[in-house]
Amino acid sequence: MRIVLLGAPGSGKGTQAQKLITEYGIPQISTGELLRAAVSEGTELGNKAKSAMDSGQLVSDDIVLYMIKERLQEDDAKKGFILDGFPRNLSQAASLDTLLAETNQPLQGALLIDVDFEVLMQRLTGRLSCENCGAVYNRFTSPPKVEGTCDKCQNALFHRGDDHAEVISNRLKTYENVTSPLVNYYKNKGIFLSVQGVGDIDEISAAVKLELESAKIS
Ligand code: AMP
């Protein structure tokens, strides 16, 4: 399976990607996660990316492309991948196509997780994560049992720096203006798929699976 997950910040791409990893045994490649790791390790690329990330803007294409190219060359990506958060604009999408053409492994699908703006705002402003085990909670919709503490490992929960109201609004605007044109890009290529991303997580996963199966992607 070689697919891209499309969707605004907070649409649940990451959650659905996790489900697909378990189901299909291929890696999720998230540029957001690669970038956050580079920032916390203080690498040169991380330092360059930090200010754009902190303000909710996109990091420059060369940084992201360099990272994705390296990551796609790792062994686990040879049998397929789920790209999450990449591509984020038309130029990244074209670069990805070129990159995958070199190994004769074109994308098979671009799946949009579709969610309304109001729901995205609530999800993002309430999001809490555990840095230790990766669990994700939401203050409004799925709070932890004890405020501020992870149910699974009892670590303190944190609110991502780019999950604050003004930055969130920037991230959503960037999505609308720069990323959403990818829908037409992939429609024109005949590989666009979509599911509604609201409701029970397992029901959304079932819809994702069905959509992939009906496009004969496995
Ligand atoms: P995410 O976790 O996917 O929401 O990404 C967090 C932040 O990392 C974004 O707001 C951007 O600043 C940056 N980022 C992630 N992926 C990309 C990408 N493909 N191109 C440019 N910037 C990105």
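By convention here, the first residue in the shown sequence is residue 1. Computed over heavy atoms, backbone and side chain alike; hydrogens, waters and symmetry mates excluded.
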#### Entry: Test: D76 and R71 ion pair at under 4.0 Å
yes
### Query
Got a sec: does the CD1 of I201 have more than 12 other heavy atoms crowding it under 6.0 Å?
no
### Query
Looking only at heavy atoms, which two atoms of E131 and F158 are closest? And how far apart?
CG-CE2, 3.5 Å
### Summary
Taken in chain and number order and not counting sequence neighbours, the residues that satisfy side chain to side chain contact (heavy atoms under 4.5 Å, CB included) with S142 are N138
### Task
First locate atom CG of L112, then atom OG of S11, and finally report the distance between them rounded to the nearest 0.5 Å.
7.5 Å
#### Entry: From CD (Q154) to OG1 (T149), nearest 0.5 Å
7.5 Å
### Message
Taking G10's backbone N and O only, do any of them form a donor-acceptor pair with R127's side chain (distance below 3.5 Å, no angle check)?
### Response
no
### With D202 via side chain to side chain donor-acceptor pair (under 3.5 Å) - residues at least two apart
K19
## Note on the structure
In short, salt bridge (charged side-chain N to carboxylate O under 4.0 Å, His left out) pairs touching residues 176-201 with sequence neighbours left out are D97-K189
### Query
So does K79 have more than 12 non-hydrogen atoms from other groups sitting under 6.0 Å from NZ?
no
### Message
So for atom CG, which belongs to D116, do other residues, nucleotides or ligands contribute more than 12 heavy atoms lying within a distance under 6.0 Å?
### Response
no
### Message
So if I apply the side chain to side chain contact (heavy atoms under 4.5 Å, CB included) rule between L34 and each of I29, I63, V64, which one comes out positive?
### Response
I29
### Task
Please step through side chain to side chain donor-acceptor pair (under 3.5 Å) for the pair S218 and E213, ending with a clear verdict.
CA-CA 7 Å; S218 58; E213 278 168 7; over 6 Å; no
### Query
Should L157 and E147 count as side-chain neighbours, where that means a heavy-atom distance under 4.5 Å?
no
